[in-house]
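Chain letters run A, B, ... following the sequence lines, proteins first, then strands; residues in each count from 1. Since the structure is predicted, the reported quantities are computational estimates derived from the model, not experimental observations.
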Amino acid sequence: MNFEAKIQTKTIKALLLGLLVFSTVSLISVNTVSAYVGSAVFLPNYFYDPPDTEDELELAEETCTYIRGMLANRYATGTYYAFNDDCTVSAYCSILSTLDNSGIIDEIVVFSKGHRGYPFLGYPWYNDNHISLLDHYGSALLDDPHIYDRTSSKNTFTFIWHCETAEKYPEGATEDEIGYYGMPYCWTHNEDLDDYGGDGNVAFLGWVDGSPQFEYQAEGMWNYAHVAYLFWYYMCDGEDVEGALNEIADVVFGDDNYLSCPLSSLPAPRLLLWGDKTMELPED
Amino acid sequence: MKKLFTKICMMLAIVLVTNSLGAFLVTYAADSDARDQTMGFIENVLPVDLSKYTVTLTKHSTMDGLPIAGIDGQPIDIVMDRVRYTLDSDESTLRVNFHVQNNAVLSCHIYVDNGQVISDRPYSNLKDAVKCLLEKYQTYTKIDSSNMKAMLDNVDVTKDSTKTIGNTKLVVSNIDEYGIEQTSFEWVYTVNGADYTSLKVSYQNGRLYSLRDDRAVYTIGDTSVKISSEQAIDIAMKYLPNYSYEMPNDVTVSGFNINEDLTTTELVTSPLHSTELRPYWYVKLYLNQTYPGNVKGFTIIVWANSGELYSCTNIAIGGAEYDNSDSLTPLAEGDSSQLKSSSSSPDMPFAVGIAVAVIGLATASVVIIKKRKK
């Protein structure tokens with residue numbers, strides 16, 4: 001091999017070595033400067049004795065598919081989803097357990113859209129503290145034990161778009177004869193969340209009274225599917241909860257901020273945040 | 001050898017570019033008009049002492065339409081710039097977010113991330129602060145705001161009130177919730193009982209929190225109201241026998257019974273796929289019972305000048321009250337075998353894929369070079 005070829009070979013080796021070092025450093029900087037985040041999107045589209053119109057079923061699937069895509073782009077560690085007949089109590093429990101017990105995931109982001117039930121209004125006892133999320137077949141995903149036992153303080157960002165999911169807090173942080181109750185505590189395991197608070201790094205969003213169906217007109221040409229889509233769009237674009245809600249108030253409702261717009265005021269539907277309005281989506 | 005060298009260098013370049021894109025998936029719009037508009041707002045309107053702050057552009061993105069159609073099935077093709085600045089000083093850090101539409105600032109939100117805002121000057125009270133803001137804002141927008149300023153005289157800002165002079169209505173509203181005291185001032189251009197464009201500013205706990213002004217974003221079209229509220233209800237009621245919606249399994253729901261006592265109407269001008277505002281009746285008809293699909297009624301839009309019906313959509317609130325005590329069997333903890341692979345997929349980390357590609361490429365290149373050397 002002549003001198004020129006030797007120089008070229010050494011140059012290539014140096015380049016390759018540099019590339020390997022660069023790639024390794026890039027990977028370290030991308031994935032280890034912050035927590036590993038897992039996320040999940042649930043859409044039961046409850047089918048039997050159907051509470052949803054055909055338009056609602058299609059619109060909800062379209063919207064949740066976009067939301068799932070946004071979260072999957074953001075969270076390379078893992079974005080799980082269960083839609084339609086795949087969204088059973090079993091799937092909810094399995095995905096929540098997988099996220100909670102992964103051993104590597106530090107923070108969990110969840111969105112669920114559907115209906116709620118009251119699981120204990122009959123035999124063997126009457127209890128209207130507890131509510132459930134209904135799966136595709138109308139079976140009940142209980143606040144406790146189903147949700148509580150498969151979640152933890154790692155569930156830092158949760159949006160449950162089912163009826164009455166912002167209620168029964170903070171009282172639900174105290175067990176009754178069945179267990180803990182209500183969605184805010186059972187998802188977050190946190191008894192110190194302020195309504196529309198300013199710190200704590202935990203956010204739970206839900207509805208007071210009924211949750212609007214996605215097909216329900218919000219204002220002008222906008223419906224509540226747009227509200228859900230834009231919420232996750234703005235969150236994934238770096239806003240905090242307060243910022244995302246303000247942007248929705250501006251774009252959808254033509255109001256200057258969340259406190260001024262119908263989302264925050266009764267009569268229903270009223271969207272309520274328990275926890276930290278300055279919270280952004282966790283970084284993966 | 002030179003050809004090999006060139007090939008490897010090209011491959012390396014491609015991998016490096018791909019890797020960089022994967023690592024930094026952040027894009028910024030190139031449009032500078034929105035930045036000029038918003039920087040002008042910061043310099044000329046924002047009531048902070050800019051000599052104490054370092055202003056940095058921290059985000060500029062453009063939302064070009066939404067993938068989900070509007071209530072009428074038409075695509076929403078709204079184009080909106082989002083611009084964010086961070087204002088840093090020794091005493092505080094502020095975040096200022098803007099929406100820019102049609103080359104005009106539509107809205108501004110000011111968030112205090114830490115510390116206290118350093119004001120551009122002391123204000124004697126809230127009304128004084130609002131008047132000064134209006135003066136500066138008038139200079140910035142070149143839209144005469146003198147009547148708005150005058151309307152503030154003799155207004156008690158601690159009480160909710162509405163005051164109309166000519167076509168301008170001033171609405172003062174107070175909210176005390178979540179530990180936040182918010183006072184809002186909205187000047188609305190009103191014609192024939194319909195509200196069109198407006199300027200609204202809100203102060204939270206005494207400092208400017210948000211401003212929204214759609215006067216330069218929207219134009220005002222035909223303002224005539226030739227249809228009364230009663231006529232709009234009549235049009236909606238006559239349409240309803242022709243309306244139906246679909247449930248799963250090809251079930252069609254129609255033939256609705258309305259509880260007329262609950263009917264409401266409102267004359268509004270919220271934009272419908274246009275930047276031209278026109279008045280329409282927003283009629284809400286409520287059913288005498290909840291129909292399949294949790295449908296409790298209908299919202300019907302009727303143009304106020306022509307009586308033409310624009311849309312009819314369901315009022316639907318979720319919720320189901322069932323006793324599901326037969327489904328309460330606890331599941332095995334962490335039973336991931338119940339996951340269906342078709343519906344639950346953790347996405348492969350993109351960066352890991354790139355790393356595998358790079359390492360593979362590098363190894364292959366070294367092997368090739370060694371073979372050539374032999």
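- Contact annotation for A/Val41: neither backbone nor side-chain heavy atoms come within less than 4.5 Å of a heavy atom of chain B.
- Proximity to chain A (any heavy atom under 4.5 Å) is shown, for B/Ile315, by both the backbone and the side chain.
- Residue A/Leu59 touches chain B through its side chain alone, counting heavy-atom pairs closer than 4.5 Å.
- The minimum heavy-atom distance between A/His226 and B/Ala69, with the atom names listed, is NE2-O, 2.9 Å.
- Residue B/Tyr291 does not touch chain A at all, counting heavy-atom pairs closer than 4.5 Å.
- Here the shortest heavy-atom pairing between B/Pro248 and A/Leu57 reads CG-CD1, 3.4 Å.
- Separating the CG atom in A/Asp55 from the OG1 atom in B/Thr313 is a distance of 10.5 Å, to the nearest 0.5 Å.
- In this structure, OG1 on B/Thr252 lies 10.0 Å from CD on A/Glu54, to the nearest 0.5 angstrom.
- Of the residues considered (A/Asp240, A/Asp135, A/Ile131), A/Asp240 shows the highest number of contacts with chain B, using heavy-atom pairs under 4.5 Å.
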After noting the C-alpha distance and the side-chain angles of A/Leu259 and B/Gln204, does the key distance pass the side-chain contact (heavy atoms from CB on, under 4.5 Å) rule?
CA-CA 10 Å; A/Leu259 289 186; B/Gln204 287 194 354; 3.6 Å; yes

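- For A/Asp237, the parts lying under 4.5 angstrom from a heavy atom of chain B are both the backbone and the side chain.
- The OH atom of B/Tyr209 lies 9.0 Å from the OG atom of A/Ser260; values are rounded to the nearest 0.5 Å.
- With sequence neighbours excluded, no residue forms a side-chain contact (heavy atoms from CB on, under 4.5 Å) with B/Pro75.
- The CD1 atom of B/Ile317 lies 7.5 Å from the SG atom of A/Cys163; values are rounded to the nearest 0.5 Å.
- Looking at B/Tyr111 and A/Asn246, their side chains do bring a donor and an acceptor atom within 3.5 Å of each other.
- Side-chain atoms of A/Arg116 never come within 3.5 Å of backbone atoms of B/Gly318 as a donor-acceptor pair (strictly under, hydrogens ignored).
- In this structure, a donor-acceptor pair under 3.5 Å is present between the side chains of B/Gln182 and A/Asn257.
- Distance check: B/Asn314 CG to A/Glu56 CD gives 9.0 Å after rounding to the nearest 0.5 Å.
- Crowding of B/Asp176 atom CG: a count of heavy atoms from other residues, nucleotides or ligands under 6.0 Å exceeding 12.
- With values rounded to the nearest 0.5 angstrom, B/Tyr282 atom OH is found 4.0 Å from A/Gln217 atom CD.
- Using a 4.5 Å cut-off between heavy atoms, A/Phe214 does not touch chain B at all.
- Of the atoms belonging to B/Lys284, it is side-chain heavy atoms, and not backbone ones, that fall under 4.5 Å from chain A.
- Side-chain contact annotation: A/Glu239 with B/Asn97, donor-acceptor N/O pair under 3.5 Å present.
- In this structure, the portion of A/Leu230 lying under 4.5 Å from any heavy atom of chain B is its side chain and not its backbone.
- Using a 4.5 Å cut-off between heavy atoms, B/Pro271 touches chain A through its backbone atoms (N, CA, C, O) alone.
- Within the 4.5 angstrom heavy-atom criterion, no atom of A/Thr278 approaches chain B.
- Classification of B/Arg212 and A/Asp255 as a salt-bridged pair fails, no side-chain N sitting under 4.0 Å from a carboxylate O.
- Closest approach of B/Met247 and A/Asp52 over heavy atoms only: CE-O, 3.1 Å.
- Comparing B/Ser270, B/Ser210, B/Ser311 by how many heavy-atom pairs each has under 4.5 Å with chain A, the most go to B/Ser210.
- A donor and an acceptor atom, one from each side chain of A/Tyr216 and B/Asn294, are nowhere located under 3.5 Å apart.
- Here the closest non-hydrogen pair linking B/His99 and A/Asp250 is ND1-OD2, 2.8 Å.
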Dump the intermediate steps for side-chain contact (heavy atoms from CB on, under 4.5 Å) on B/Ile180 and A/Tyr196, then the final yes or no.
CA-CA 10 Å; B/Ile180 299 166; A/Tyr196 205 58; 3.9 Å; yes

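- The closest side-chain heavy-atom distance from A/Asp195 to B/Glu177 is not below 4.5 Å.
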With side-chain contact (heavy atoms from CB on, under 4.5 Å) as the test, would you mind laying out the steps for A/Thr53 and B/Val295 before giving the verdict?
CA-CA 9 Å; A/Thr53 66; B/Val295 176; 4.0 Å; yes

Hey, mind stepping through A/Glu215 and B/Ile71 against side-chain contact (heavy atoms from CB on, under 4.5 Å) and telling me if it holds?
CA-CA 8 Å; A/Glu215 66 179 330; B/Ile71 55 156; over 6 Å; no

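- Contacts of B/Met63 with chain A are made by both backbone and side-chain atoms, with heavy-atom separations under 4.5 Å.
- Of the atoms belonging to A/Leu273, not a single heavy atom falls under 4.5 Å from chain B.
- Contact check for A/Lys277 versus B/Tyr178: no side-chain heavy atoms found under the 4.5 Å cut-off.
- Contact between B/Ile68 and A/Glu62 at its shortest, heavy atoms only, is CA-OE2, 4.1 Å.
- Proximity to chain B is limited to the side chain of A/Tyr258, based on heavy atoms less than 4.5 angstrom apart.
- For the pair A/Gly220 and B/Leu272, the tightest heavy-atom approach, listed with the atom from each and the gap, is C-CD2, 3.6 Å.
- Neither the backbone nor the side chain of B/Tyr310 comes within less than 4.5 Å of any heavy atom of chain A.
- For the pair B/His109 (side chain) and A/Asp256 (backbone), a donor-acceptor distance under 3.5 Å is present.
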